Each structure stands twice: as structure tokens, then as C-alpha cells.
Amino acid sequence: AQTIRFATEASYPPFEFVDSDNKIQGFDVDLANALCKEIDATCTFTNQAFDSLIPSLKFRRFDAVMAGMDITPEREKQVLFSKPYYDNSALFVAQKGKVADVAALKGKRVGVQNGTTHQKYLTEKHSEITTVPYDSYQNAILDLKNGRIDAVFGDTAVVNEWLKQNTALAPVGEKVTDKAYFGTGLGIAVRMGNSDLQTKFNAALDKVKADGTYKTIYSKWFQQ
Ligand SMILES: NC(=[NH2+])NCCC[C@H](N)C(=O)O
């Protein structure tokens, strides 16, 4: 059977995280494994920095990237994406009672992960906010709890996970869904020209959506 080498950045639960046995887990991993079963492939997962995922894919160190990655026009110039497998939006989170709304973030420091759509959106659309780049969202949340930054901006499902783990945090404002920045959903990236693998992923996605597998995996990782 074919081997498909996936790369991800595993500090992003519930999409991907490293569990206490040092295994990469999460919605993306479960879905990837279901797709690989359909394709009859063996799949491996490697954890590395988010902003190095697309360069490594182009460099042929991996075959696919699945990392809660938004399908954006800018990335589509560099890689091929599967059809969307998850509808996405973004949300600010701060210490409870500290930030009333997004307007109140003017002049404040907001943490984002390097290379993300959140970073691009903040720097381009909110120049009144100081964007603080992090290698991982875990470190951004630590700094938020310590008061070194005022808010963090991430994917809604991930923010919801942080809220579950940290009762001292609260969401700020409404969900952000600007398609120009956050694209059309999350996708699996493959190399430009690898339409063979893209087609396989798309067919497998149709299959797991039709037979209920997708729904089972979805309910396991996301609160309804
Ligand atoms: N595994 C991760 N750290 N993913 C971060 C993804 C952030 C955002 N959805 C993007 O596509 O840029």
C-alpha cells in the first residue's frame, strides 16, 4: 500500500495536539486516518512549526499538510487543496472582564501564531492593535494568562477548547469570517501538480461524509 506522510503543527486542540503518550491526536488525525483507510494507504504524522509546513511540503519532505489550515487564495498559489472539510471562523479571547469588545483592543497586544491567517488579518485589518507573533498558540495562551499580552486571536473551535480549559478566559466580540482572509474552510494541502492525491482525498472525503464516518469523528471532537 501507498504511504502518505502528513505534516502538522500539533499545539492546536481539538484539531491536533500531542497526548500524554507523545502521540499526535485530534480531529485532523482521526479524519486523515479515515481517509487513508478509504485510499488504502498507510499514514504517518510529523509535528513541526506551522510556518514551515508549506515550505516543507514543497520541498517534498511530506506528501500532505493537515493542520487546521484555511484554504486561502494566497496559499492556493503555492499548494493544491482538497475540498473544504470543516467550516471555519476566528475569535478573540482575553482574561475575563478585562476587554469589553474588539474596539477596546486598540493599542493592546494580541498574540497569534506565526504564518497563520490570524496574523495576516490582524496586521492588515487592525493596525491599531499590536500583533505579537508566537511559535505556538500554547505559548500565546501562557502569556495571556500571565498578563504579558491582552488577548489571543485564533480559530473559534480552538478558542472554545481554551475556554473549556481556562475558566479565567472569556471570548471578545463576534466570530470573524472575512473570506478574503479566512478563505472557504479548512483543507488538506498537497504539492502543486499532485492532483492524483488531491483527487483521492476528495473522493475519500465524499465517501466518509456519505457513510456517517465524518459525523462520528466530528461529534467526538466538537461540541454541538
Ligand atoms: N495547527 C495549527 N497550529 N494550525 C493553525 C491554523 C491557523 C489558521 N486556521 C490558518 O490556517 O492559518
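All ligand and atom numbering here is 1-based and tracks the order in the structure. What you see is a predicted model; the values in this text were computed from it and never measured.
- Using a 4.0 Å cut-off between charged side-chain N and carboxylate O, Lys120 and Glu74 make a salt bridge.
- In the vicinity of Asp155, heavy-atom distances shorter than 4.0 Å reach the ligand 1 atoms 6 (C), 7 (C), 8 (C), 9 (N).
- Checking only distances, Leu186 never comes within under 3.5 Å of ligand 1, N or O to N or O.
- Residue Gly115 has no nitrogen or oxygen atom sitting less than 3.5 Å from a nitrogen or oxygen atom of ligand 1, judged on distance alone.
- Residue Asp70 has at least one N or O atom closer than 3.5 Å to an N or O atom of ligand 1.
- Between Asp150 and Arg109 there is no salt bridge, since none of the side-chain N atoms of the basic residue sits less than 4.0 Å from a carboxylate O of the acidic one.
- For Thr8, the heavy-atom gap to ligand 1 stays at 4.0 angstrom or more.
- With salt bridges taken as basic N to acidic carboxylate O contacts below 4.0 Å, none links Glu128 and Lys106.
- In this structure, the side chain of Arg75 does not engage the main chain of Ile54 through any donor-acceptor pair within 3.5 Å.
- For ligand 1, the polar-atom distance check against Thr116 finds no nitrogen or oxygen pair separated by under 3.5 Å.
- Remark: distances from the non-hydrogen atoms of Phe15 to ligand 1 are all 4.0 Å or more.
- Using cut-offs of 30° and 60° on the angle between ring planes, the pair Phe6 and Phe45 is parallel.
- The backbone N or O of Tyr85 sits less than 3.5 Å from a side-chain atom of Tyr214, completing a donor-acceptor pair.
- Between Phe50 and Tyr12, the ring center distance fails the sub-6.0 Å criterion.
- With hydrogens left out, the protein atom closest to atom 6 (C) of ligand 1 is Gly68 O, 3.3 Å, a heavy atom.
- Which parts of ligand 1 touch Met69 is read off a 4.0 Å heavy-atom cut-off, strictly below it: atoms 11 (O).
- Note: His118 and Phe182 meet the aromatic proximity criterion, with ring centroids under 6.0 Å apart.
- Atom 1 (N) of ligand 1 has its closest protein heavy atom at Glu9 O, 2.8 Å.
- A donor and an acceptor atom, one from each side chain of Gln48 and Ser56, are located under 3.5 Å apart.
- In terms of protein heavy-atom proximity, atom 4 (N) of ligand 1 is nearest to Ala67 O, 2.8 Å.
- Between Pro133 and Gln119, some side-chain heavy-atom pair lies under the 4.5 Å cut-off.
- Using a 4.0 Å heavy-atom cutoff, His118 is listed among the residues neighbouring ligand 1.
- At a heavy-atom cutoff of 4.0 Å, ligand 1 is contacted by the side chain of Arg75 but not by its backbone.
- For ligand 1, the polar-atom distance check against Gln113 finds a nitrogen or oxygen pair separated by under 3.5 Å.
- Residue-level proximity to ligand 1 for Thr117 is carried by backbone and side chain together, each with a heavy atom below 4.0 angstrom.
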